[in-house]
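Okay, structure first, notes after.
Throughout, protein chains are lettered first and strands after them, A, B, ... in sequence-line order, and every chain is numbered starting at 1.
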2 protein chains.
Amino acid sequence: MWGVPRVSEEHLIARREQILAAARVCFLSKGLHTTSMQDLIHEAGLSVGAVYRYFKSKNEIIAAIAATVVGGIQQHIDQVAVRRLPLIDSMSLVLDGVDDQLGPGGYLPVALQVWSEATLDPVIGAIVKEKYEGLRASMRVLVVQAVESGELPADADIDATTAAIYGFLPGYALQRLLTGVPDKATYLVGIRTLLNSRRPADDAAVIQSRQ
Amino acid sequence: MWGVPRVSEEHLIARREQILAAARVCFLSKGLHTTSMQDLIHEAGLSVGAVYRYFKSKNEIIAAIAATVVGGIQQHIDQVAVRRLPLIDSMSLVLDGVDDQLGPGGYLPVALQVWSEATLDPVIGAIVKEKYEGLRASMRVLVVQAVESGELPADADIDATTAAIYGFLPGYALQRLLTGVPDKATYLVGIRTLLNSRRPADDAAVIQSRQ
DNA sequence: TCTCCTAAAACGAATGCTCGTTCTTTTATG
DNA sequence: CATAAAAGAACGAGCATTCGTTTTAGGAGA
């Protein structure tokens, strides 16, 4: 290294994140395919060449977005898990996290774009598969806790039950995204009703919790 | 009408369906946006002008696909409902219908494309919203039956419970599309476990049912 | 500390291609 | 034979990406 002309590594990372942030904004409002590189570049406030220094194609940007779009909610779930609350309370907190991602600035609409792309592009598909298996693993912890605490039967099939409980998350998110309902409180009442089915004694509390 | 040069109305309808069938094939393999009009026209075996006689834009074709893509599964659910089976058996049959749509020739991957588009295009969004509210209404019938039969508490919140049960469908479909698991039998064991939670006496039957 | 100098970093005009759509022409029908 | 239906060439716009040029950061030599 003679005439070393490099910029700080933090700067490189920051530039990369600047591009990804712009990509998230664009993808959120225009979608993966309707967003042009020009749109994205303009949003980032950079030049064509600058962006192509950090990502060698649009697909590579999409792949990077796909890899990061699950991170927030998984972190949230892991934080819920360490509190070792009753299952329904954990679910309530988890759904709060989903709500965050549904609201303004949330990435669930982008995630939906990514899911769609995952069924068409094997590279994106592999990334998504890995990430959502990780997310299921986080949810699995909640199920194990519920079995340990006696909320679920001791001989319950952990993976099967995890799949069903995990299904509540996209089940909620998609209903909200596509039809606008239900709100979290209502959905939670529904979950509680299923968990407590054939135990009418609990239902007064359920009704009350809906307010 | 003097020198009437019109072709039979059936012919017109058939041509329209021919175009939509080609669209479904293309959208399934290439996605809504990567499919060009040329692709679609070639798949239909028609000319540019012929297609534009029946649909005035690509968006109009997408909208027509969006409107039809839910039909199959809803019809299936309605048929399940008239049999008035126990809830878990109804769910088993409903999930069979979902499996059909997941397999080769099934339209769930296209549906996922459509959901994605629905968050970006208000016209598609309105169509999707209406269709999936209809689907939820079909699922609601199953919940009402379960309340009537005593499988769910008499004072259960019907709409809340419907939302939760309905969530099982996209919850299953998305897990299968994105991660490949679980299979229907496993997911059903999970649902059964949740429905029977805190009733360990039933679990022997649950385990057995998994095979 | 202050200049140079070099290579990385950033720039943006240019490119070639494909897109959705239009429109004129040809064909087929009752 | 009048007209709907089908055909397909043509078009301008916009796309992702390339590449030659300019700017800038920061170590080396004084």
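Here the two rings, on B:Tyr166 and B:Tyr132, have centers that are 6.0 Å apart or farther.
At the phosphate of C:dA10, OP1 or OP2 sits under 4.0 Å from a side-chain N or O atom of A:His11. Residue B:Tyr52 has no polar side-chain atom (N or O) positioned under 4.0 Å from OP1 or OP2 of C:dC23. Distances shorter than 4.0 Å separate none of the side-chain N or O atoms of A:Arg53 from OP1 or OP2 on C:dC11. OP1 or OP2 of D:dA6 has not a single side-chain nitrogen or oxygen of B:Ser47 nearer than 4.0 Å.
Both A:Gln38 and A:Gly49 sit near DNA chain D, but only A:Gln38 has its closest nucleotide nearer the 5' end. Checking A:Leu12 against B:Ser36, the closest nucleotide of DNA chain C that is more toward the 5' end is the one next to A:Leu12.
Cation-pi contact between A:Arg15 and A:Tyr54: absent, since separation from the ring centre below 6.0 Å together with deviation from the ring axis within 45° is not met.
In this structure, the NZ atom of B:Lys58 is 15 Å from the P atom of C:dT22, given to the nearest Å. For A:Glu60 and D:dT17, the CD to C1' distance is 13 Å, given to the nearest whole Å. Distance, A:Ile13 CD1 to C:dA9 P: 13 Å, rounded to whole Å. When the P atom of C:dG20 is taken as reference, atom CG of B:Leu40 falls 9 Å away, rounded to whole Å. Atom CZ of A:Arg15 is separated from atom P of D:dA25 by 10 Å (rounded to the nearest Å). The interatomic distance linking A:His33 (NE2) with C:dG20 (P) rounds to 13 Å, in whole Å. Atom NE2 of B:His42 is separated from atom P of C:dG20 by 15 Å (rounded to the nearest Å). Between the CE atom of A:Met37 and the P atom of C:dA14 there is a distance of 20 Å, given to the nearest Å.
Residues A:Met139 and A:Leu169 form a side-chain contact, since some pair of their non-hydrogen atoms from C-beta on lies under 4.5 Å apart.
Within the nucleic acid shown, B:Ile61 has no heavy atom closer than 4.0 Å to any nucleic acid atom. Looking at heavy-atom distances under 4.0 Å, B:Phe55 makes no contact with the nucleic acid at all. Residue contacts for B:Thr34: at a heavy-atom cut-off of 4.0 Å it reaches no nucleic acid atom on any strand shown.
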Exercise for review: For the pair B:Leu112 and A:Leu112, evaluate side chain to side chain contact (heavy atoms under 4.5 Å, CB included) and give the outcome as yes or no after the intermediate values.
Suggested key: CA-CA 8 Å; B:Leu112 181 49; A:Leu112 181 48; 3.8 Å; yes

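A parallel orientation is assigned to the rings of A:His33 and B:His33, their planes being inclined by less than 30° (bins at 30° and 60°).
When distances run from any side-chain atom of A:Ala50 to the nucleotides C:dA13, C:dC11, D:dA6, the shortest one goes to C:dC11.
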